[in-house]
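Taking it in order: structure first as structure tokens, then the write-up.
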Amino acid sequence: MENHQLILVLDFGGQYNQLIARRVREHNVYCEVKPYHTSLDEIRALRPIGIIFTGGPNSVYEASSPKCDPALFELGIPVLGICYGCQLMAQVLGGEVTAAQDDTAREYGKTKTYYDTSCKLFKGLPGEGISWMSHGDYMAQVPAGFALVGHTDMCPNVAIADETRGFYGVQYHPEVNHTESGTQMLRNFLYEVCGAKGDWTMEDYKRTSIQAIRDKVGAGKVLLALSGGVDSSVAAALLAEAVGKQLTCVFVDHGLMRKNEGDEVEAAFAKWDINFIRVDAEARFLGRLAGVSDPETKRKIIGEEFIRVFEQEGKKIGQVDYLVQGTIYPDVIESGAGDAATIKSHHNVGGLPDFVDFKEIIEPLRLLFKDEVRELGREIGLADYLVMRQPFPGPGLAIRVIGDITKDKLDTLREADFIFRDEIAKAGLERTMDQYFAVLTNMRSVGVMGDGRTYDYTLALRSVTTTDFMTADWARIPHEVLDKVSVRIVNEVKGINRIVYDITSKPPATIEWE
């Protein structure tokens with residue numbers, strides 16, 4: 001992003017790395033995430049006003065652990081090291097990091113922490129608070145020139161600072177919600193240490209993205225995978241503004257949508273000035289998925305079929321140069337980008353086949369989290385009912401039917417899910433939770449209906465609250481609402497005789513069941 005101040009986030013492979021980028025942007029400062037081995041020449045060319053080292057799963061003293069070029073610390077650029085990044089900075093600059101020998105140096109979870117508020121990093125903040133720790137290594141010796149500016153009852157050096165050179169390190173994670181005043185600490189690094197001006201907004205992102213798309217596409221034709229969800233809808237609006245009639249939106253009705261959703265998507269985009277094609281591919285997808293139970297295999301099959309359908313539709317309209325997808329940051333993270341561990345493949349990231357018959361895939365939302373995507377949608381002028389649409393996974397109901405997939409199971413789930421969402425709406429609870437849906441488990445149990453014995457499926461209800469979809473808590477739905485949902489489903493939907501409610505947060509669970 002030229003003409004904007006830049007914070008460079010160097011990625012050392014931790015699972016929450018992109019959260020740091022999101023927090024930086026919340027403070028109206030643009031940032032880019034680059035791998036830890038980014039060259040000094042590239043860093044100089046980017047001209048960042050500050051650098052943040054992320055956490056990571058390795059130990060800095062291991063020979064195979066990721067390292068940065070030591071000369072990075074000679075560029076005169078402020079650096080904030082988080083967790084692994086803190087320990088790496090200490091090790092490179094002459095300190096010593098070792099494995100914790102006892103519980104006094106090993107800390108995990110919520111920990112009461114004390115801060116030196118004369119340090120710029122903690123300026124204007126309370127002198128103590130809860131921080132989120134996750135480290136089994138210990139800074140046995142901090143480098144020369146560094147002061148201890150944060151401690152816990154068990155560990156004397158959870159935050160260090162060399163304010164002369166603008167180097168700071170914290171062994172906890174200020175980017176997560178569990179750390180009290182964590183985002184304010186990041187803001188202090190941006191504004192008090194790096195001299196940020198706050199010159200980046202979603203309006204700027206829209207403008208620069210549109211120009212970048214125009215520069216890339218030129219006179220080429222573009223095909224967009226339109227699901228009707230928030231991500232693809234915002235991507236469609238962005239591309240429509242950028243290239244107009246060069247864009248064709250293909251909505252693949254794969255038979256894995258929620259009740260009435262196919263018709264709703266078509267109606268929503270009928271008045272747009274775009275080329276809209278609806279493809280009835282239900283038989284094709286269900287045929288490929290027949291007998292498949294493994295969730296990863298489902299995702300791979302669906303991802304490949306999506307691409308093949310787009311290729312075929314593209315050939316019908318002539319040579320198509322680019323495929324657009326609504327990939328966002330959490331998709332990339334959970335698919336194991338860089339050195340991060342793979343949690344699950346996303347059909348629009350890890351599920352792509354090796355061969356794709358397009359010049360290039362364009363992912364204009366790849367740097368945005370869900371709430372930022374919604375903000376961009378509003379900036380473009382999308383209707384609120386599209387911007388606030390319930391998140392829906394690319395593989396659709398295929399990953400909400402546990403085990404093998406049949407049309408009967410999908411129809412059963414569609415009806416049950418509709419009732420759940422209908423009762424949530426009637427209770428006025430839609431804006432109190434961020435995602436809610438039903439899952440048809442592959443467990444069957446004995447029940448009694450009337451005077452007869454039943455042996456039918458168990459349906460699970462899932463609802464979560466979250467700000468970033470990287471962590472989530474289960475929603476406290478009133479019991480009377482759950483009761484209405486349960487009574488309606490077992491009475492109105494054939495094949496279900498038991499309802500359960502999932503009260504697991506993320507982590508340890510994911511939001512979806514598969």
Side-chain angles (χ1 to χ4, degrees), residues 225-233 250-270 276 278-286 289 298 302 306 347 383-431 433-442 456-464 475 477 481-482 484-502 511-514:
L226 180 60
S227 69
V230 176
D231 303 334
S232 67
S233 296
V250 176
F251 167 52
V252 178
D253 190 349
H254 48 25
L256 305 171
M257 306 294 288
R258 292 169 288 201
K259 185 176 181 180
N260 301 327
E261 199 154 36
D263 293 338
E264 290 173 359
V265 170
E266 186 169 6
F269 289 92
F276 182 93
R278 179 174 178 176
V279 182
D280 182 1
E282 180 181 39
R284 175 174 179 164
F285 275 81
L286 294 187
L289 291 167
K298 291 179 185 177
I302 293 167
F306 260 97
H347 87 280
D384 194 61
Y385 76 90
L386 280 176
V387 173
M388 295 307 297
R389 193 179 183 89
Q390 268 282 298
F392 192 59
L397 298 182
I399 58 169
R400 293 180 181 174
V401 172
I402 308 301
D404 67 308
I405 300 168
T406 66
K407 190 175 188 311
D408 286 344
K409 287 183 179 179
L410 290 168
D411 288 340
T412 296
L413 178 56
R414 265 187 277 267
E415 292 299 323
D417 181 75
F418 177 81
I419 290 171
F420 183 33
R421 291 185 289 119
D422 185 50
E423 288 299 330
I424 292 295
K426 287 177 178 177
L429 297 174
E430 310 105 301
R431 298 298 175 90
M433 55 194 79
D434 299 288
Q435 192 167 352
Y436 50 96
F437 54 90
V439 176
L440 185 65
T441 74
N442 57 358
D456 287 326
Y457 286 104
T458 296
L459 184 86
L461 304 178
R462 176 73 160 149
S463 178
V464 299
I477 299 177
V481 176
L482 289 173
K484 289 181 182 178
V485 173
S486 178
V487 170
R488 278 193 63 187
I489 290 175
V490 295
N491 279 279
E492 297 177 30
V493 183
K494 184 179 179 181
I496 297 173
N497 66 358
R498 192 178 299 270
I499 311 294
V500 298
Y501 185 52
D502 183 349
I511 294 176
E512 296 287 345
W513 274 40
E514 287 192 343

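Side chains are part of it too, since the values below use all heavy atoms of this structure and drop only hydrogens, waters and symmetry mates.
D422 meets the salt bridge (charged side-chain N to carboxylate O under 4.0 Å, His left out) test with K426, R488; sequence neighbours excluded. With sequence neighbours left out, the side-chain contact (heavy atoms from CB on, under 4.5 Å) criterion links V387 to R374, R378, L382. Applying the side-chain contact (heavy atoms from CB on, under 4.5 Å) rule to K409 yields the partners V401, D404, T406, L440, Y457; only residues at least two apart in sequence or on another chain are considered. F437 is linked by a ring-ring contact (aromatic ring centres under 6.0 Å, His included) to nothing, counting only residues two or more places apart in sequence or in another chain. A427 is linked by a side-chain contact (heavy atoms from CB on, under 4.5 Å) to L429, V481, counting only residues two or more places apart in sequence or in another chain. Take D456 and apply the side chain to side chain donor-acceptor pair (under 3.5 Å) test, not counting sequence neighbours, and it matches no residue. The salt bridge (charged side-chain N to carboxylate O under 4.0 Å, His left out) search around K484 returns none, not counting sequence neighbours. Scored by the side chain to side chain donor-acceptor pair (under 3.5 Å) test, D411 finds K407, R414 as partners (sequence neighbours excluded). Scanning for side chain to side chain donor-acceptor pair (under 3.5 Å) contacts around D253 gives R278, with sequence neighbours left out. In this structure, the side-chain contact (heavy atoms from CB on, under 4.5 Å) partners of N442, at least two apart in sequence or on a different chain, are I402. Residues meeting the salt bridge (charged side-chain N to carboxylate O under 4.0 Å, His left out) test with E282, sequence neighbours left out: none. Applying the side chain to side chain donor-acceptor pair (under 3.5 Å) rule to S233 yields no partners; only residues at least two apart in sequence or on another chain are considered.
Summarising the geometry of I489 relative to A416, their closest heavy-atom pair is CD1-O, 3.7 Å, with the distance given to 0.1 Å. Nearest heavy atom pair, residue A438 against residue D417, reads N-OD1, 3.1 Å. The heavy-atom pair separating S486 from I499 by the smallest distance is OG-CG1, 3.5 Å. Across all non-hydrogen atoms, the minimal contact from A398 to E514 is O-OE1, 3.9 Å. Here the closest heavy-atom approach between residue I302 and residue F285 is recorded as O-CE2, 3.9 Å. Scanning all heavy atoms of the two residues, the minimum distance from Y501 to A475 falls at OH-O, 2.6 Å.
Judged purely by atom type and a 3.5 angstrom limit, T441 uses its side chain to pair as donor or acceptor with the backbone of T458.
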Residues F420, I477; criterion side-chain contact (heavy atoms from CB on, under 4.5 Å); working and verdict:
CA-CA 11 Å; F420 183 33; I477 299 177; 4.0 Å; yes
Please lay out, stage by stage, how F392 and R400 fare under the test side-chain contact (heavy atoms from CB on, under 4.5 Å).
CA-CA 10 Å; F392 192 59; R400 293 180 181 174; 3.6 Å; yes
R258 and F418: side-chain contact (heavy atoms from CB on, under 4.5 Å), yes or no, with the steps?
CA-CA 8 Å; R258 292 169 288 201; F418 177 81; over 6 Å; no
Would you check, one step at a time, whether the test side-chain contact (heavy atoms from CB on, under 4.5 Å) holds for E415 with I496?
CA-CA 11 Å; E415 292 299 323; I496 297 173; over 6 Å; no
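Atoms CZ and OG, from F251 and S232 in turn, are 9.0 Å apart once rounded to the nearest 0.5 Å. The CZ atom of R462 lies 9.0 Å from the CD atom of E512; values are rounded to the nearest 0.5 Å. Between atom CD1 of residue I511 and atom CG of residue D434 there is a gap of 8.5 Å, rounded to the nearest 0.5 Å.
Here the side chains of L410 and L286 are in contact, with some heavy-atom distance below 4.5 Å.
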